[in-house]
Amino acid sequence: MLAHPPGVGQTRRPQLPPGLDAWQVPSDTSRPTCACPMIRFFLVFLLLLPTLLVLELTGPVQEWLVLPWTSLLTRISAFLLRVFDPGVLSYGKVLMDAKTGIGVSVEAGCNGIEACLILIAAMAAYPAGWKMKLAGLLAGSLAVQAVNVLRVVSLFYLARWNKEFFEFAHLYLWQALIMIDVLVVWLVWIRLVARQASGDAPPPSGSLPAGA
């Protein structure tokens, strides 16, 4: 048997700090993080969104939420239009020019409720505190509906100007813009959530206080 000098041909167990067992040392810190939160987000979102859309179609929700909000949206749009055109009338979900009789009817899909439901499902599925979720839902829904008012006002003028361009803007252009608005609001909210999480995170152990 050959004798090895100390430290040659032998594997030494690394010295661990007192109170730290070998099983507590991470074996590989270069492994990618688990994708479970992302998978959970998509599963909750895909489950919650159809549920909200189905609830929207029920009689009580239509009577107590959808129809009153659509009527309010029409009145808000008419109020803004009267600043430039006093002859604009609104009744129910119809917005009309009193002189020409040309107008638009705010139907389902044009009242911004579906867009808000998509935003609600995305924010509710995202891992964040309930205060941030509630604040995001209120501010985000307000932002979506503000853009939706612009949609109704612009479509009212397009209906009087050019019917073909009205159909294009109604069916394609504004649908895409509203979805982009929802996406931008959600991304801004995610950034705020991440910023708050990084601000609330405790400093690493052993770090010096600021100014030391």
Would Val152 and Leu73 satisfy side-chain contact (heavy atoms from CB on, under 4.5 Å), going step by step from the backbone distance to the final call? CA-CA 9 Å; Val152 174; Leu73 175 64; 4.2 Å; yes
Passes side-chain contact (heavy atoms from CB on, under 4.5 Å), Ile180 versus Val184? Steps please. CA-CA 6 Å; Ile180 291 175; Val184 170; 4.2 Å; yes
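Contact record, Leu155 with Trp174: CD2-CD1, 4.0 Å, taken as the closest heavy-atom pair. The minimum heavy-atom distance linking Glu56 with Gln62 is given by the pair O-NE2, 2.7 Å. When every heavy atom of Pro127 is checked against every heavy atom of Val193, the shortest pair comes out as O-CG1, 4.4 Å. What you find for Leu158 and Ala169 is that their closest heavy atoms are CD1-CB, 3.7 Å. Contact between Met96 and Phe156 at its shortest, heavy atoms only, is C-CE1, 3.9 Å.
Annotation: the span from Leu183 atom CG to Leu119 atom CG amounts to 10.0 Å, rounded to 0.5 Å. The CG atom of Leu89 sits 8.5 Å away from the CG atom of Leu95 when rounded to the nearest 0.5 Å. In this structure, CG on Leu67 lies 12.5 Å from CG on Leu72, to the nearest 0.5 angstrom. Between the OH atom of Tyr157 and the CH2 atom of Trp161 there is a distance of 14.5 Å, given to the nearest 0.5 Å.
Hydrophobic clustering (side-chain heavy atoms under 4.5 Å, transitive across Ile, Leu, Val, Met, Phe, Trp, Tyr) keeps Tyr91 apart from Ile76. If you chain together hydrophobic residues whose side chains sit under 4.5 Å apart, Leu57 and Trp64 never meet in one group. Residues Ile102 and Phe168 fall into different hydrophobic clusters, defined by Ile, Leu, Val, Met, Phe, Trp and Tyr side chains chained together at heavy-atom separations under 4.5 Å. At a threshold of 4.5 Å between side-chain heavy atoms, the hydrophobic network of Ile, Leu, Val, Met, Phe, Trp and Tyr places Val104 and Phe79 in one connected group. Residue Trp130 is not grouped with residue Ile190 when hydrophobic side chains (ILVMFWY) are merged at heavy-atom distances under 4.5 angstrom, including chains of intermediate members.
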Output a table of donor-acceptor pairs, distance under 3.5 Å, between side-chain atoms of residues 41-55 and any protein atom two or more places apart or on a different chain; print 'none' if there are none.
unit_1	atom_1	unit_2	atom_2	d
Thr51	OG1	Leu47	O	2.8

Donor-acceptor list for residues 138-151 side chains, cut-off 3.5 Å, not counting sequence neighbours:
unit_1	atom_1	unit_2	atom_2	d
Ser141	OG	Leu137	O	2.7
Gln145	OE1	Trp69	NE1	3.4
Gln145	NE2	Asn111	O	3.3
Gln145	NE2	Gly112	O	3.3
Asn148	OD1	Arg151	NE	2.9
Asn148	OD1	Arg151	NH2	2.6
Asn148	ND2	Cys110	O	3.1
Asn148	ND2	Asn111	O	3.4
Arg151	NH2	Gly109	O	3.3
Arg151	NH2	Cys110	O	3.4

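Here the side chains of Val66 and Val61 are in contact, with some heavy-atom distance below 4.5 Å. Residues Val185 and Met123 have side chains in contact (heavy-atom distance under 4.5 Å, counting atoms from C-beta outward). Looking only at side-chain heavy atoms (C-beta outward), Val88 and Asp97 stay at 4.5 Å or farther from each other.
For residues 76-86, the set of pairs meeting the salt bridge (charged side-chain N to carboxylate O under 4.0 Å, His left out) definition, not counting sequence neighbours, comprises Asp85-Arg160.
Of the possible polar contacts, none joining the Lys93 side chain to the Ser105 backbone as a donor-acceptor pair under 3.5 Å is found.
For Trp189 and Tyr126, the gap between ring centers is short of 6.0 Å.
Between Phe166 and His170, the ring planes lie parallel to each other; the angle is under 30°, not in the 30° to 60° tilted range.
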